[in-house]
Amino acid sequence: MPKTFNAKTMEKFQALSQRYPTKDALLLPVLRLAEEEFNGIDDDAMELVAGLVGVPPAKVMSVFTFYTHYRRAGSGKYLLQVCSTLPCALRGSQEIFEHLKKKLGIDSEETTKDGKFTLKKVECLGSCGTSPVVQINEDYYENLTTEKLDEILNKLQ
Amino acid sequence: MVKLRINNKEIIAEPGTSVMKAALDNGIFIPHFCYHPALSISGNCRICVVSVKNMPKPVTSCTTAVAEGMEVETENKDIAAIRKSVLEFFLINHPIDCPVCDQAGECTLQDFTYLYGSDHSRFSEEKRTWHTKDVGPLVKLWANRCVLCARCVRFLNEITKTGELGIMNRGDRNVIDTFPGMPVDNPLSGNIVDICPVGALISKDFLYQARVWFMDFKQSVCPMCATGCNITAGVYQGKIKRFAPTKNLKVNQYWMCDYGRLSYKFVHSDNRLTAFLTRSQAGSVTKTTLQESVNILKNSLSGDTAVLASAYMDNEGLTALKTVTDKYGIKNIGCLLKPDGKAQAFGGGFKISHDNNPNRKGFENVFGKAVLDNGYRQVIDAVKTGKAGTLYVINGILDYALPQELIDAAGKVKFLVVQDTHSSALTEKAHLVLPSCTYAEKNGAFTNEQGMEQKFNRLIDPAGAAEPDNIILNQL
């Protein structure tokens, strides 16, 4: 089904399109808008973004699939993005990832059956000073250990 | 102008020219995958590194502009070592399936590995693999063989401006792909197969048809429109196996359209005329010879003959026809034209002409504009009103059904002569049928819409007894 932005998002899009000098640059924040409005990006959302920004859908797809940080359509209520770049890796991110994998019974880019959690290995979250880091939806959880993580997960409803 | 030295050869180049272009223009080859003269610079493949005196590190020649007094070395020990490393990376996930790869023999990855590569692999892990995939009606993708030079992506962004392909994912997962439901389906899609430096994008039409090293390559001119793209035909065992564009910056740059690319099939179609035939009034058909046909034709041509000649005839045929019409005092002459199509323009100036005839200009040069514009109408009227005793049609238009009014009118003449490449409703009625050669079976020339006379070469033997138009006409 073709998608459209609601009036409020369109307003945001209009404002953004004035701010960016090139179509390619505008593409990134408009993908964010789509992510917010549709709670994740699917092919239809990419086509919508392509039409609005004025680039071919294949270009949108190549940008969208390049970045790990965009939310895919069909992600769970909580998107757990485990940073796996070097500083986090040195401080135990692999252990964190394996722990989550075992606890939730899913691999990277998979969602639990109840639709609550999606696990994802991502590239640098830019918080190396507080590594290892997991981003859950819009929030950073820093200096993590598996124990701390269990506590956090228990609080998530 | 800038003066520099490449491999100790003094070279003069325009300011802003890349070292790569300056070298290639002066006959010095620098290996490259991603560089293409008609596309934007990408600088991603890294194989074109060269040493420049007083520069701290080797530089990619495609992204480095020439400078006054620059001293460039394109081959030395350091450069060879870098190229070897670059190739090692390209070959990590490459299946090295050359024995079943259509690109083998004309693959730059193969050639550069031969020149600079290692004789063994140090990679013992599992290779990253992708399935083959149809990316368009003409093109299939072997992503495992891809070097991610992005020539195809740039071609589709800059020349056709359709942008069907992108590089998806990141790092070692990088892969060329289409957006779901949007295949590479544009009039120039076949060109991405030509510019792909490896066996990643393969023509489905040519797939497994012939090993390139067994083919003969001959130059010709595409007859499917008035642009007159220069083409290289690959011929194997007497059959044309593929067409590819030949670079001609004044005509077709580096490209040709898909319709022209596949047009060799018309030459090899099943309904080619292969014999001289006569048809009696009762309708019985007899095989005859060129000589006998010429004799019959000589006796039936006169001042009240009407002639229809097509703009698919070459200049040699048209000139010979002019001599014949002058000799017999034939005034009723018309031009058979394939109807116009849509003109299409692309990035970089490549054009598909609206005129679907290769030699309208040539016809005009020989018979004049009045005959070209009004002759057909006059001939049809003369035939319909019974003013023409004999109608002599020289067709040869490819991929075309003759107009019904002509077929209907042709039934009214006493004697119908049809000289054509393919059988048609008209040859079914003709009292004399002369099989003629297509452009692929003779030497000749077309004058394209710019007025450039372009010679084409005989690619294959004629179908059966078919003869070039001018060989037949010269005997009348």
Side-chain angles (χ1 to χ4, degrees), chain A residues 1-3 22-28 30-31 34 38 40-74 81-86 88-89 93 97 107-110 120-126, chain B residues 34 39-44 128 130-131 133-137 139-141 143 146-189 191-192 196 200-201 346-347:
Chain A
M1 277 289 287
K3 282 187 158 73
T22 65
K23 289 174 177 179
D24 288 5
L26 178 62
L27 186 51
L28 297 172
V30 177
L31 275 170
F38 307 123
I41 293 170
D42 61 3
D43 292 353
D44 292 333
M46 280 189 257
E47 252 190 278
L48 170 69
V49 170
L52 285 171
V53 176
V55 296
K59 168 84 187 171
V60 179
M61 195 171 196
S62 86
V63 169
F64 173 68
T65 54
F66 177 87
Y67 292 104
T68 51
H69 309 125
Y70 288 111
R71 181 187 275 260
R72 266 75 177 154
Q81 303 187 60
V82 185
C83 178
S84 55
T85 308
L86 186 61
C88 280
S93 70
F97 180 74
D107 208 334
S108 184
E109 317 244 350
E110 288 178 1
K120 198 165 161 191
K121 242 184 187 181
V122 298
E123 301 299 340
C124 188
L125 290 172
Chain B
C34 71
L39 303 175
S40 64
I41 297 296
S42 181
N44 66 54
R128 183 263 291 121
W130 302 98
H131 285 291
K133 181 179 176 178
D134 271 355
V135 291
V139 187
K140 196 167 175 172
L141 169 69
C146 180
V147 294
L148 294 165
C149 70
R151 273 185 181 182
C152 53
V153 176
R154 280 174 287 146
F155 176 83
L156 296 172
N157 284 336
E158 295 161 21
I159 307 295
T160 64
K161 302 188 198 295
T162 46
E164 297 98 330
L165 288 176
I167 296 181
M168 309 305 174
N169 305 330
R170 181 214 298 249
D172 79 321
R173 305 274 124 190
N174 263 178
V175 66
I176 297 284
D177 206 350
T178 52
F179 189 81
M182 293 190 184
V184 186
D185 189 5
N186 64 64
L188 304 188
S189 73
N191 293 289
I192 61 174
C196 180
L201 294 169
F346 299 90

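Keep in mind the model is a prediction, meaning the values are calculated, not measured.
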Work out which heavy atom in [X] is nearest to a heavy atom in [Y]; give both atom names and the distance.
X: B:Arg170; Y: A:Tyr67; answer: NH2-CA, 3.9 Å
X: A:Pro56; Y: B:Asn157; answer: CG-OD1, 4.3 Å
X: A:Asp43; Y: B:Pro180; answer: OD2-CG, 3.2 Å
X: B:Gly163; Y: A:Ala58; answer: O-CB, 3.4 Å

Exercise for the section: Answer yes or no: is there a side-chain heavy-atom contact under 4.5 Å between A:Thr65 and B:Arg173? Expected result: no
Practice task
Evaluate whether atom NZ of A:Lys59 has more than 12 neighbouring non-hydrogen atoms of other residues, nucleotides or ligands under 6.0 angstrom away.
Solution key: no
Exercise for the section: Against chain B, label A:Glu47 side chain, backbone, both or neither, depending on which of its atoms sit under 4.5 Å from a heavy atom there. Expected result: both
Practice task
Quick one: which of B:Thr178, B:Val153, B:Ile167, B:Val175 has the most heavy-atom pairs under 4.5 Å with chain A, could you say?
Solution key: B:Ile167
